[in-house]
Amino acid sequence: MNVIETALPGVLIIEPKVFGDARGFFLETFHKQRYAEAGIPGDGLEFVQDNHSRSRKGVLRGLHFQLENPQGKLVSAGTGTVFDVAADVNPDSPTFGQWVGVELSEENHRQLWIPPGYAHGFCVLSDVADFQYKCTALYHPQSDSGVAWDDPDLAITWPINNPLLSEKDKALPRLSAAKRDRLP
Ligand SMILES: Cc1cn([C@H]2C[C@H](O)[C@@H](COP(=O)(O)OP(=O)(O)O[C@H]3O[C@H](C)C(=O)[C@H](O)[C@H]3O)O2)c(=O)[nH]c1=O
């Protein structure tokens, strides 16, 4: 497998080895030893929850993080194509306000590793996308938090306009407002 560093410390693009043949393809989507050698999940963490969401074209989920029990996430698109974003929303971080975006798809089989403490979101570019991911902490709704997808300080260049958002995501605060509530 190929591991590519990004501009955000610890955020890694993984390109698994794909075995294609006349039937289709096979790939390992996780391998404890090989991923540990790449520092995933690292820091004594382990994956404890797997998630799967299906979204139609134009949906945007994010930007989310958990204030307590922050989750590291190993994400990919099993079907379809998404634009996936990790953003640094920690005001004490030297890369505060920076973000990285990567296209994940059933064609490129790419994964993105997002360590705990970053905000995460994605938008759907295909007719439908099945988004699967492993998390290093359990869902903790009491500390579910986030920042607005279109925050002007982050200025994420999403490849879609007028996304379909949940009511929760429509109400997410701007980074400057959220900062006063001490982000992760
Ligand atoms: C995240 C989660 C949600 N739920 C329930 C709570 C709601 O009744 C329903 C939908 O939840 P929500 O609208 O928060 O789902 P997403 O908008 O996809 O949230 C996720 O989207 C972004 C991209 C993320 O990185 C996080 O994993 C997560 O915040 O599933 C659970 O039961 N367990 C869970 O772990």
Side-chain angles (χ1 to χ4, degrees), residues 6 8-14 29-30 35 40-43 45-90 93 95 98-106 110-151 154 156-160 162-175 177-178 181-184:
T6 69
L8 286 182
V11 177
L12 302 171
I13 300 168
I14 299 98
T29 54
F30 178 68
Y35 281 66
I40 302 168
D43 294 332
L45 298 171
E46 63 173 349
F47 291 113
V48 295
Q49 180 176 319
D50 285 359
N51 294 335
H52 175 179
S53 67
R54 173 171 293 174
S55 308
R56 59 190 176 90
K57 190 166 192 168
V59 165
L60 191 153
R61 296 176 186 252
L63 297 161
H64 303 157
F65 52 85
Q66 292 189 161
L67 285 167
E68 295 168 39
N69 304 323
Q71 297 171 308
K73 297 165 190 169
L74 179 63
V75 306
S76 63
T79 61
T81 302
V82 304
F83 180 74
D84 199 72
V85 170
D88 189 345
V89 294
N90 177 356
S93 165
T95 51
Q98 295 182 34
W99 59 275
V100 294
V102 183
E103 191 168 289
L104 307 176
S105 73
E106 64 182 282
R110 277 183 155 188
Q111 299 170 313
L112 190 66
W113 163 242
I114 304 152
Y118 286 109
H120 173 244
F122 68 90
C123 68
V124 178
L125 306 179
S126 49
D127 289 339
V128 65
D130 284 285
F131 194 75
Q132 282 114 353
Y133 51 114
K134 305 179 79 69
C135 302
T136 62
L138 299 177
Y139 179 52
H140 190 245
Q142 308 89 307
S143 67
D144 197 18
S145 187
V147 166
W149 68 282
D150 58 348
D151 180 85
L154 288 172
I156 296 169
T157 51
W158 297 99
I160 63 168
N162 305 314
L164 195 163
L165 303 165
S166 66
E167 290 307 311
K168 179 184 76 170
D169 288 356
K170 287 176 185 173
L172 288 174
R174 287 183 56 173
L175 188 55
D181 302 334
R182 299 305 304 154
L183 295 168

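Just so we're clear, the structure is a prediction, and the values are computed from it rather than from any experiment. Order of listing sets the numbers, starting from 1, for every ligand and every atom in it.
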| query | With no hydrogens and no angle check, is any side-chain donor or acceptor of Gln66 less than 3.5 Å from a backbone partner on Asp144? | reply | no
| field | Donor-acceptor under 3.5 Å (Ser76 side chain, Gly78 main chain) | value | no
Check ligand 1 for close polar pairs with the protein: N or O on both sides, less than 3.5 Å.
from, atom 1, to, atom 2, distance (Å)
ligand 1, 14 (O), Lys168, NZ, 2.7
ligand 1, 18 (O), Arg61, NH1, 2.8
ligand 1, 19 (O), His64, ND1, 3.4
ligand 1, 21 (O), His64, ND1, 3.1
ligand 1, 25 (O), Lys73, NZ, 2.8
ligand 1, 25 (O), His120, ND1, 2.7
ligand 1, 27 (O), Tyr133, OH, 2.7
ligand 1, 29 (O), His64, ND1, 2.6
ligand 1, 35 (O), Gln49, NE2, 3.0

| request: Look at the rings of Phe30 and Tyr35 and say which category their plane angle falls in: under 30° parallel, 30 to 60° tilted, over 60° perpendicular. | output: tilted
| request: Kindly indicate whether the side chain of His120, heavy atoms from C-beta on, has any atom under 4.5 Å from the side chain of Val75. | output: yes
| task | Indicate yes or no for a side-chain donor-acceptor contact from Thr95 to the backbone of Gln98 under 3.5 Å, with no hydrogens or angles considered. | result | no
| task | For Gln132 and Ala77, indicate whether the former's side chain and the latter's backbone hold a donor-acceptor pair under 3.5 Å. | result | no
